[in-house]
Amino acid sequence: APVDLMRDTWQQSVARVDLQHDNDSLRAQLAALREENLQYREALVASGRLQRIAEMRDEFETPMLPMEVVGQDVSPWFRSVLLDRGHDHGVRAGMPVVTDAGVVGLVTATSDNAGRTMLLLDRQSAIDGIVQSSRARGIVRGRGTNRLEFEFVVSGAEVVVGDVVISSGLDGVYPKGLRIGEVVDIVSSPYGLTQKAILAPSVEFGRLEQVFVILWRAPTMDLLYEDPDAPAPGS
């Protein structure tokens, strides 16, 4: 009986060790499968982005450079992001930044391999916009929050909740027809010549990962952002 007891105890111990080993192996396989599944999902997302890149390049004649968002400005006063390409890649301050969803902002500074973009949400940001349906025109400004402000001239053109505001192209900075946002509220001003509407941005800035820099800069931007590589006057 003592021998049988010892043999049973030994067998149970060996079985527990084998079971623990099998569990560890299964956990490792499960972790590997999860990682593989994550990579597949990321590949699907990336393939969708590549298709959107091709579609946007076909839509705009101006060359566009895809870039990754690698950092965000945590300051409460400014809304900007850091991009992974800069001066060495042809990016210059004053160039527009967009996604397939709409306007992101404007490049404001570059180093050799990085660029800073002021988001459309920033209080210093402004873009000439037009309501897609009624063609009411005005200026879209950042509020420092996740909403935009659209100030338009009251001239018989009606603006209602649900209207889509796009870039007019008249500011000479952004191409015409890019989505800016959708009207979510109207701020009435019965005695003024202008009214204000609150827009929800078309771009989901909280999920911003990849953007496109339009490799073109308006002549007015040349006055604001000097190019260090440009030849000096008279040279």
Side-chain angles (χ1 to χ4, degrees), residues 49 52-53 56-57 59-129 139-146 148-150 165-181 199 201-235:
R49 289 176 185 158
R52 292 198 295 270
I53 292 173
M56 290 192 69
R57 284 175 172 169
E59 184 177 353
F60 296 100
E61 296 180 358
T62 307
M64 299 172 61
L65 183 67
M67 303 175 68
E68 296 287 335
V69 175
V70 295
Q72 290 189 346
D73 194 332
V74 297
S75 168
W77 306 107
F78 303 100
R79 302 296 297 269
S80 63
V81 293
L82 189 66
L83 307 179
D84 67 342
R85 295 184 181 182
H87 202 272
D88 287 352
H89 304 88
V91 181
R92 303 289 184 270
M95 289 181 173
V97 182
V98 300
T99 70
D100 59 303
V103 178
V104 173
L106 194 71
V107 176
T108 55
T110 61
S111 63
D112 291 342
N113 296 292
R116 182 176 297 278
T117 294
M118 178 178 65
L119 299 179
L120 199 59
L121 304 174
D122 193 281
R123 292 180 182 274
Q124 299 182 66
S125 175
I127 176 175
D128 197 290
I139 302 296
V140 179
R141 293 185 175 87
R143 308 175 74 199
T145 65
N146 292 327
L148 303 169
E149 183 178 274
F150 178 49
V165 179
I166 61 176
S167 57
S168 69
L170 297 177
D171 53 19
V173 178
Y174 297 93
K176 182 179 180 179
L178 294 172
R179 289 176 65 97
I180 298 175
L199 309 183
S202 297
V203 173
E204 294 188 51
F205 289 97
R207 298 182 178 182
L208 203 59
E209 294 183 25
Q210 189 174 51
V211 299
F212 308 95
V213 174
I214 300 177
L215 299 178
W216 174 84
R217 188 168 71 176
T220 54
M221 294 292 102
D222 292 338
L223 300 176
L224 297 176
Y225 301 102
E226 294 184 2
D227 191 339
D229 292 339
S235 59

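The structure places CG of Asn146 at 13.0 Å from CG of Leu199, a figure rounded to the nearest 0.5 Å. Between the OG1 atom of Thr108 and the CG atom of Asp122 there is a distance of 8.5 Å, given to the nearest 0.5 Å. Atoms OG1 and CD, on Thr99 and Glu209 in that order, are 11.5 Å from each other to the nearest 0.5 Å. Going from atom CZ of Arg79 over to atom CZ of Arg143 covers 12.5 Å, rounded to the nearest 0.5 Å.
Minimum heavy-atom separation, Gly94 to Leu106: O-CD1, 3.4 Å. The two residues Ile166 and Arg179 come nearest to each other via the heavy atoms CG2-CA, 4.1 Å. Of all heavy-atom pairs between Val173 and Trp216, the closest is O-CZ3, 3.5 Å. Here the shortest heavy-atom pairing between Arg217 and Arg92 reads NH1-CB, 3.9 Å. In plain terms, the two heavy atoms of Pro201 and Leu121 that are nearest each other are CG-CD2, 3.8 Å. When all heavy atoms are compared, the tightest approach of Ala101 to Ser202 is O-CB, 3.5 Å.
Sorted by first and then second residue, the salt bridge (Lys or Arg N to Asp or Glu O under 4.0 Å) pairs involving residues 108-121 (not counting sequence neighbours) are Asp73-Arg116.
A distance-only check finds a donor-acceptor pair linking the side chain of Asp84 to the backbone of Glu68 [under 3.5 Å]. Side chain of Thr117 to backbone of Ser80: no donor-acceptor contact under 3.5 angstrom is found. Formation of a donor-acceptor pair under 3.5 Å by the Tyr174 side chain with backbone atoms of Ser168 is not found in this model. Side-chain N or O atoms of Ser125 include none that pairs as donor or acceptor with a backbone N or O of Gly142 at under 3.5 Å. Side-chain N or O atoms of Asp128 include none that pairs as donor or acceptor with a backbone N or O of Asp171 at under 3.5 Å. Checked by atom type and distance alone, the side chain of Arg141 never pairs as donor or acceptor with a backbone atom of Ala126 at under 3.5 Å.
Applying the salt bridge (Lys or Arg N to Asp or Glu O under 4.0 Å) criterion to Arg85, with sequence neighbours excluded, gives no partner residue. Here Phe150 pairs with Phe152 under the ring pair (Phe, Tyr, Trp, His ring centres under 6.0 Å) rule; sequence neighbours left out.
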key: Test log, rule side chain to side chain contact (heavy atoms under 4.5 Å, CB included), inputs Ile214 and Met95   = CA-CA 6 Å; Ile214 300 177; Met95 289 181 173; 5.9 Å; no

ask   = Can you check side chain to side chain contact (heavy atoms under 4.5 Å, CB included) on Phe205 and Val104, steps first, answer last?
value = CA-CA 8 Å; Phe205 289 97; Val104 173; 4.2 Å; yes

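The side chain to side chain contact (heavy atoms under 4.5 Å, CB included) test with Val203 singles out one residue from Val103, Leu120, Leu208, and that residue is Leu208.
Put simply, the side chain of Leu83 reaches to within 4.5 Å of the side chain of Val69, judged on heavy atoms.
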